[in-house]
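Since the structure comes first, as structure tokens, the remarks are kept for the end.
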Amino acid sequence: MNPIYASRRRVDIVIRFLCLGAAIFGVTWLALILFTLFYNGLAGLTLQVFTQNTPPPGSADGGLLNAIVGSIIMTAIGVGVGAPIGLFAGTYLAEYGRNDRLTSLIRFINDILLSAPSIIIGLFVYGAVVVPMGGFSAFAGALALAVIVIPVVVRTTEDMLLLVPNPLREAASALGLPRSLVIRRVAYRAARAGLITGVLLATARVAGETAPLLFTALSNQFFSLDMTKTMANLPVTINNFVQSPYDYWKQLAWTGALLITLTVLTLNIGARLLGAERTKS
Amino acid sequence: MAVQGDAMEAAGPYDRAKALSAFKFGDKAFYWVTRCSALAVLLILGGIILSLIVGAWPAMKEFGFSFLLTQRWAPANDPPVLGALGPIYGTMVTSIIAMTIAIPVGIGIAIFLTELCPQWLRRPIGIAVELLAGIPSIIYGMWGFFVLGPFLANTFQPFMIRIFEGVPVLGAIFGGPPSYLSLFNAALILAIMVLPFITAISVDVFKTVPPVLKEAAYGVGCTTWEVVRNVVIPYTRVGVIGGIMLALGRALGETMAVTFIIGNSFRISGSIFAPGTTISAAIASEFAESDGLHQSGLILLGLLLFVLTFMVLSAARLMLMRLEKKAGK
């Protein structure tokens, strides 16, 4: 064979193997992380984890009840506050201001907020809420999460509404429906699966967020439902337990990490399934 | 609608003007609710910048530009001495190492997924990569702390130290005793974390290449690699760079994945196997127990990080927008 052809083929084969190697490398990390997580997390997954509060120092007895409840409360409030704002903002971008200057500015800023370091959001809420209120509180933690939810929901809402075909809107308008009803009754309905997907993805994103809670909600060793006080939550509890000297606490940290990961993966897969259903129909 | 109209008439005398004005009011209200929500996005950005500047002001006044050039970090001193050089150095070094590992591997996976992989394997690997992107960063941090750190300190680090012992510059970079907590360990965790971002965006932009272009190249006898190098990459260059910058933005600001494993040492040491700190790790580990000037200094670090990531992310978005425009035409 012509030597040029041979060398071209050799290069091609080498590169192919390198790409295959890269793919194996990437998937191996995922497998390793998930394996360790399940191996260590399942070992400590007992009923006690769900029925008892976090243990006092030195004790080898206790669970994660207060942290789980706190995480659920703060995530729920964060999504409850952030998702509607995000939905409405996305609606404005897609429906009212589609070709506006303002819209492109907001879209740009939103994309930056979407990938801004979450610890900065924590600092922001610390300065804007914790300092004026005079102390760490679960309320501040929930707000920090809401600030993270908003850009995610804005982005997906806008994308999904832009996919709704215009003739649907035109038909509704031709019947004499006012604009807001066209949006609420027609556009939202057509994009419903996509909108829910966005909210699910946002929930998955904040469920494991740690950095913004470190100095907003802090943590609490006891069970508390008081939104104006510090509240235990899974991520910060994991953060504290990982660096603790007690084996039992480390075990609890692994179990908590497994719970968070399972929640996040379930939400992500749910969002994907919903999205797949939408494209099929 | 007809049914509704009947129901309305049955309910009482139908007042057209009243119904219309109710419609009008609802319409206006909805418009303003959405518009205000959209403006809230701008407000959040403004709030972030404002609160960071207000919080950082005392430290800015006290240290001025020397903050950027001082290595010493002694918040307990009286008066405190605070310098950002250590965290800035750590942030740069970890991000550079992480990107050096993640860029070739991430793009390699993307090429594998779009050009080489059998069709049936594409979806599972694609989904696996995206799930990897969804795992919360504290899980990476924890795994790095318990598993990767000890592993590297016992195998990889001694190996590298032995190889480069006595070599002039490299000997210093890979020098020192092996350590569970080091810049290199943190960088490797960061690389694993940003890998899925680079891959996902690269796959997306590789898909924007018109098949006709690739087919033409294959038609004149190009190998797969030649098609990728001469058609796919030139066509998508801006998008790939945008994706890389986006990943860099993540790496610069990532907190939980590095805090456990970096050692939180403000001293700058030439070796990448020595402990260090990053801006975000410094804030995460010290902020809750800080007050006064120390706290203000940490907020100033946060402001620096925000400015840095803001610039990187805007550059990334502008590049990706340019590619979208091209794809739209």
Side-chain angles (χ1 to χ4, degrees), chain A residues 8-9 11-12 15-16 18-20 22-23 25-27 29-30 33 36-37 85 88-89 91-93 96 106 108-113 115-120 123-124 127-128 147 150 154 175 178-180 204 208-211 214-215 218 235 238-239 242-243 253 257 260-261 264-265 268, chain B residues 1 23 26-27 30-31 33-35 37-38 40-42 44-45 47-48 51-52 54-55 105 108-109 111-112 116 125 128-129 131-132 134-136 138-139 142-143 145 147 192 195 199 223-226 246 249-250 253 255-256 260 280 283-284 287-288 299 302 305-306 309-310 313-314 317:
Chain A
R8 279 175 59 196
R9 275 195 58 185
V11 170
D12 190 53
I15 298 281
R16 276 167 186 247
L18 285 179
C19 288
L20 178 69
F25 181 80
V27 175
W29 288 119
L30 174 72
I33 292 175
T36 338
L37 187 62
I85 297 180
F88 286 134
T91 308
Y92 180 82
L93 299 187
Y96 287 113
I106 293 177
F108 185 75
I109 298 295
N110 189 66
D111 279 347
I112 290 191
L113 287 180
S115 2
S118 54
I119 192 153
I120 300 287
L123 285 179
F124 162 53
V147 172
I150 290 173
V154 170
L175 288 175
R179 188 106 183 241
S180 62
E209 274 293 352
T210 317
L214 281 176
F215 29 82
L218 221 61
I238 294 173
N239 177 58
V242 163
Q243 291 163 307
I260 288 189
T261 309
V264 171
L265 288 184
N268 271 328
Chain B
M1 282 317 278
F23 267 167
D27 220 28
F30 189 72
Y31 172 77
V33 166
T34 59
R35 196 181 160 98
S37 302
V41 173
L42 296 183
I44 290 174
L45 184 81
I48 290 175
S51 79
L52 286 181
V54 167
V105 177
I109 299 178
I111 295 173
F112 178 77
L116 305 172
I125 296 188
V129 167
L131 290 184
L132 198 60
I135 295 179
I138 191 167
I139 311 287
M142 218 178 143
W143 186 77
F145 182 73
V147 182
I192 299 171
L195 196 61
T199 301
T223 61
T224 306
W225 167 238
E226 284 161 349
L246 217 56
R250 293 259 170 176
T255 312
M256 299 323 294
F260 294 140
S280 48
I283 301 173
F287 194 85
I299 297 179
L305 177 66
F306 187 67
T309 47
F310 191 92
L313 292 173
S314 343
R317 286 299 170 191

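No experiment lies behind these values; they were computed from the predicted model shown. Numbered from 1 within each chain, the chains take letters A, B, ... in sequence-line order.
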Under a 4.5 Å heavy-atom cut-off, does chain B meet the side chain of A:A257, its backbone, both or neither? both
Between B:Y31 and A:R179, is there a side-chain heavy-atom distance shorter than 4.5 Å? no
Which residue out of A:T36, A:V242, A:I85, A:V11 racks up the most heavy-atom pairs below 4.5 Å with chain B? A:V242
Those residues at least two apart in sequence (or on a different chain) that pass side-chain hydrogen bond (donor to acceptor under 3.5 Å, both in side chains) with B:T34 are none
Heavy-atom pairs under 4.5 Å with chain B - which of A:V264, A:L214, A:L123 has more of them than the others? A:L123
Non-hydrogen atoms of chain B under 4.5 Å away: do they reach the side chain of A:N239, the backbone, both or neither? both
Below 4.5 Å, heavy atoms only, C-beta onward: do B:V33 and A:Y92 meet side chain to side chain? no
Which bit of A:I112 is near chain B, if near means a heavy-atom gap under 4.5 Å: side chain, backbone, both or neither? both
Please flag which part of B:S314 lies under 4.5 Å from any non-hydrogen atom of chain A: side chain, backbone, both or neither. both
Atom of B:T224, atom of A:D12 and distance for their closest heavy-atom approach: N-OD1, 3.4 Å
At a 4.5 Å cut-off on heavy atoms, which part of A:L37 comes close to chain B: side chain, backbone, both, or neither? side chain
From A:S118 atom OG to B:M256 atom CE, the distance as rounded to the nearest 0.5 Å: 8.5 Å
Say you draw a straight line from CD1 of B:I48 to CD1 of A:I120; how long is it, rounded to the nearest 0.5 Å? 8.0 Å
Let me confirm one number: the CG-CG distance from B:L116 to A:L20, rounded to the nearest 0.5 Å. 8.5 Å
How far does CH2 of B:W225 sit from CG of A:L18, to the nearest 0.5 angstrom? 9.0 Å
Interatomic spacing from CZ in A:R16 to CD1 in B:I111 - rounded to 0.5 Å: 11.5 Å
Residues A:F124 and B:S51: closest non-hydrogen pair is CD1-OG, 3.4 Å
Measure across B:A38 and A:I106 and return the closest heavy-atom pair with its distance rounded to 0.1 Å. O-CD1, 3.6 Å
If I measure from the heavy atoms of chain A, does B:V147 come under 4.5 Å with its side chain, its backbone, both, or neither? side chain
If you count heavy-atom pairs under 4.5 Å with chain B, which of A:G26, A:A23, A:P178, A:G127 comes out on top? A:P178
Applying a strict 4.5 Å limit to non-hydrogen atoms, the region of B:R250 in contact with chain A is side chain
Among the listed options B:S280, B:G108, B:G55, B:A40, the residue most often paired with chain A at heavy-atom distances under 4.5 Å: B:G108
Using the rule side-chain contact (heavy atoms from CB on, under 4.5 Å), only one of B:L313, B:L45, B:L42 pairs with A:L113; which is it? B:L45
Determine the option with the most heavy-atom pairs under 4.5 angstrom with chain B, choosing from A:T91, A:I109, A:D111. A:D111
With side-chain contact (heavy atoms from CB on, under 4.5 Å) as the criterion, how do B:L305 and A:I119 come out once you've worked through the C-alpha distance, each side chain's angles and the decisive distance to 0.1 Å? CA-CA 10 Å; B:L305 177 66; A:I119 192 153; 4.2 Å; yes
Any non-hydrogen side-chain atom of B:T255 less than 4.5 Å from a side-chain atom of A:P117? no
Please work out whether the ring planes of A:F88 and B:F30 are parallel, tilted or perpendicular, with thresholds of 30° and 60°. perpendicular
Report which part of B:F145 has an atom under 4.5 Å of a heavy atom belonging to chain A: side chain, backbone, both, or neither. side chain
Listed partners of A:V27 passing side chain to side chain contact (heavy atoms under 4.5 Å, CB included), at least two apart: B:I125
Heavy-atom nearest pair, A:S115 first then B:L246, reads OG-CD1, 4.2 Å
Can you measure from CD1 (A:I33) to CD1 (B:I139) and round to the nearest 0.5 angstrom? 9.5 Å
Geometric class of the B:W143/A:W29 ring pair [parallel <30°, tilted 30-60°, perpendicular >60°]: perpendicular
Which atoms of B:S37 approach chain A - backbone, side chain, both or neither, heavy atom under 4.5 Å: both
Please report the shortest heavy-atom distance between A:I260 and B:P136, naming the atom on each side. CG2-CG, 3.6 Å
Of the listed A:L218, A:I150, A:I238, A:V154, the one with the largest count of heavy-atom pairs under 4.5 Å with chain B is A:I238
